[in-house]
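For reference, the structure discussed in these notes is given below.
The sequence lines fix the lettering, A, B, ..., with proteins before strands; numbering per chain opens at 1.
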There are 2 protein chains.
Amino acid sequence: MTLPPQAGPSGAAAAKLARSIPEATVARLAVYLRMLGELAEQGAETVSSEELATATGVNSAKLRKDLSYIGSYGIRGVGYEVAALHHQIERTLGLDHQQAVALVGVGNLGHALAGYSGFGGRGFPVAALFDVDPDLVGIHINGILVEHVRDIARVCAERGVTIGMIATPGPAAQAVCDQLVRAGVECILNFAPVLLQVPEQVEVRKVDLAVELQVLAFHVARRRAAEAAPGANGAHGPVPATNGSAVLPR
Amino acid sequence: MTLPPQAGPSGAAAAKLARSIPEATVARLAVYLRMLGELAEQGAETVSSEELATATGVNSAKLRKDLSYIGSYGIRGVGYEVAALHHQIERTLGLDHQQAVALVGVGNLGHALAGYSGFGGRGFPVAALFDVDPDLVGIHINGILVEHVRDIARVCAERGVTIGMIATPGPAAQAVCDQLVRAGVECILNFAPVLLQVPEQVEVRKVDLAVELQVLAFHVARRRAAEAAPGANGAHGPVPATNGSAVLPR
DNA sequence: CCATGTGAAGGCCTTCACAGCC
DNA sequence: GGCTGTGAAGGCCTTCACATGG
């Protein structure tokens with residue numbers, strides 16, 4: 001939001017990236033990208049904003065505005081060329097280069113993440129696994145060796161890891177985070193229920209499953225309250241397609 | 001900010017819940033709640049908005065405004081009583097009643113979620129597990145029997161399930177969702193990478209791990225572009241604690 | 001004609017700044 | 001004196017509506 005990324009000017013491969021794409025838009029671009037992949041598989045050549053918007057659950061005007069941030073790749077009167085748009089979004093999201101991911105903490109959740117095909121299949125090969133538990137260090141998960149947390153710096157540097165995922169218990173998370181930062185990791189996806197302290201240049205996103213459930217619990221409670229008190233306003237008002245947001249900043 | 005919260009009218013157990021708490025606030029209340037729990041364990045009696053805000057990574061004014069939606073439980077010149085505030089937030093989020101959760105899909109991710117202690121420990125006991133795989137149906141995970149998806153309606157009704165979690169592959173998700181809805185589930189947490197079609201009264205939140213990584217990848221790419229082009233603005237501008245949001249509405 | 005791309009309006013949320021109360 | 005609670009201002013994002021162009 002500060003920091004207008006200043007387009008890569010010189011050369012034929014001038015990256016668009018014109019000026020700061022809103023965070024909300026970036027998240028949706030990833031969603032559009034997946035749907036475009038599916039459409040391509042189905043043999044579609046073009047999509048209209050209306051179609052793509054409906055398929056991904058957004059308003060078509062919003063979709064067009066989102067796409068306008070990455071340039072004008074639509075054809076008026078026709079729509080968007082599926083393959084070209086797919087390619088442009090990939091470029092914008094930086095998915096034209098693979099990004100090696102390191103996962104720290106292969107307990108319950110971490111083990112599942114290590115085996116999650118949604119990562120490697122989408123350009124995020126899990127390049128390293130770490131834990132402190134002697135029972136885990138040395139084993140292989142999905143063909144990847146689990147190494148000791150103390151080797152984070154060396155291993156991440158060797159394998160060019162750019163993204164770290166933390167799935168340790170809360171109390172261990174900050175120390176692990178510090179290690180990752182020291183190893184030069186620029187972005188961290190944090191599953192531990194703690195606020196990570198990082199230098200400004202490091203980007204953190206937090207996924208908090210307990211918070212997700214609590215937000216849902218709130219909606220259950222709200223509905224019950226509305227049913228119990230039919231008073232005043234006709235309180236059965238439909239859920240207004242609220243915009244959930246539980247991935248918190250650092 | 002319409003309608004000043006109007007204290008509980010009739011009866012002792014008058015539900016507060018005045019009028020629509022912003023969605024963003026609800027998510028943060030859950031975060032405050034966890035921190036209040038930790039503070040209570042450490043023996044703290046009161047916290048100031050400044051302390052609680054710093055500990056949870058938000059602005060203190062925002063925190064006070066958030067708390068103002070659930071009523072005035074602070075003491076001017078002092079702060080908030082930890083135990084009382086904890087209790088009020090629990091009430092607001094509907095955590096004073098346990099909510100039974102059903103999890104459909106105990107493959108990779110689902111298996112981890114079934115064993116995730118962060119749920120049961122926070123008032124969300126996993127009351128049922130479902131899958132279609134004959135190798136999985138019949139086994140126990142964490143002491144819970146895996147049942148066949150075809151029994152969703154009966155089992156959920158029997159056990160009073162109010163929240164469903166879908167961790168199936170994408171193509172299976174919609175059918176499972178329909179089953180859960182038929183079983184009377186009001187809220188769904190969806191880990192499958194598809195847009196679920198539900199009746200208005202059902203609330204869906206989506207957690208999409210691939211999207212999370214793609215958003216981070218974007219930031220890596222952005223930073224690289226900025227480094228490659230030292231032009232114009234002194235582009236090392238710090239990442240401004242962006243507000244990630246990747247849990248999407250239905 | 002039909003669908004994109006976009007200025008302008010509107011809404012929600014955050015931040016400021018200070019009055020009010022302990 | 002210190003900290004809460006909140007009107008007001010500001011910013012980001014969404015939505016509308018239409019000019020633009022294939």
One thing to verify: whether A/Glu90 and A/Arg122 come together as a salt bridge, which I'm taking to mean a side-chain N less than 4.0 angstrom from a carboxylate O.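 Here A/Arg122 does not pair with A/Glu90 in a salt bridge, since their nearest N and O are not under 4.0 Å apart.
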Under a 4.0 Å N-O cut-off, is there an ion pair linking A/Arg205 with A/Glu23?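 Between A/Glu23 and A/Arg205 there is a salt bridge, with a charged N closer than 4.0 Å to a carboxylate O.
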On the nucleotide C/dC13, are OP1 or OP2 found under 4.0 Å from the side-chain N or O atoms that B/Asn59 carries?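 False: B/Asn59 side-chain N/O out of range (4.0 Å or more) of C/dC13 OP1/OP2.
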Expressed in angstrom and rounded to an integer, what is the separation of [X] atom [atom1] from [N] atom [atom2]?
X	N	atom1	atom2	result
B/Glu23	D/dC12	CD	C1'	18 Å
A/Tyr69	D/dC12	OH	P	11 Å
A/Leu63	D/dC13	CG	C1'	15 Å
B/Lys62	C/dC16	NZ	P	11 Å
A/Asp66	C/dT4	CG	C1'	14 Å
B/Glu51	D/dC3	CD	P	8 Å

Please tell me which of the listed nucleotides, [options], lies nearest to the side chain of [X]?
X	options	answer
B/Ser72	D/dC16, D/dG5, C/dG5	D/dG5
A/Arg64	C/dC13, C/dT4, C/dA17	C/dT4
A/Tyr80	C/dC13, C/dT4, D/dC16	C/dT4

According to side-chain contact (heavy atoms from CB on, under 4.5 Å), who are the partners of B/Ser60, at least two apart in sequence or on a separate chain?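 Checked B/Ser60 against side-chain contact (heavy atoms from CB on, under 4.5 Å); matches are B/Ser49, B/Glu50, B/Ala53, B/Arg64.
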Tabulate protein N/O versus nucleotide N/O from nucleotides 19-22 of chain D, keeping only pairs under 3.5 Å, one per line.
unit_1, atom_1, unit_2, atom_2, d
D/dT20, O2, A/Arg76, NH1, 2.2

DNA chain C contacts among residues 35-50 of chain A, heavy-atom distance under 4.0 Å: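 Contacting residues: A/Ser48, A/Ser49.
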Any A/Leu29 side-chain heavy atom under 4.5 Å of A/Tyr69 side chain: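 Answer no - side chains too far apart.
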When you match A/Lys65 and A/Gly79 each to their closest nucleotide on DNA chain C, which lands nearer the 5' end?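 Upstream on the strand: A/Gly79.
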Table please: side-chain donor-acceptor pairs of residues 79-87 of chain B below 3.5 Å, with sequence neighbours left out.
none

Where do A/Leu195 and B/Ala55 come nearest, in terms of heavy atoms and distance?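 Between these two residues, the closest heavy atoms are CD2-O, 3.5 Å.
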For A/Tyr116, what residues pass the ring pair (Phe, Tyr, Trp, His ring centres under 6.0 Å) criterion, not counting sequence neighbours?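 Applying ring pair (Phe, Tyr, Trp, His ring centres under 6.0 Å) to A/Tyr116 gives A/Phe119.
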Under the side-chain hydrogen bond (donor to acceptor under 3.5 Å, both in side chains) test, which residues partner B/Glu38, sequence neighbours left out?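 None.
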Hey, mind stepping through B/Ile163 and B/Ile188 against side-chain contact (heavy atoms from CB on, under 4.5 Å) and telling me if it holds? CA-CA 6 Å; B/Ile163 296 177; B/Ile188 291 175; over 6 Å; no
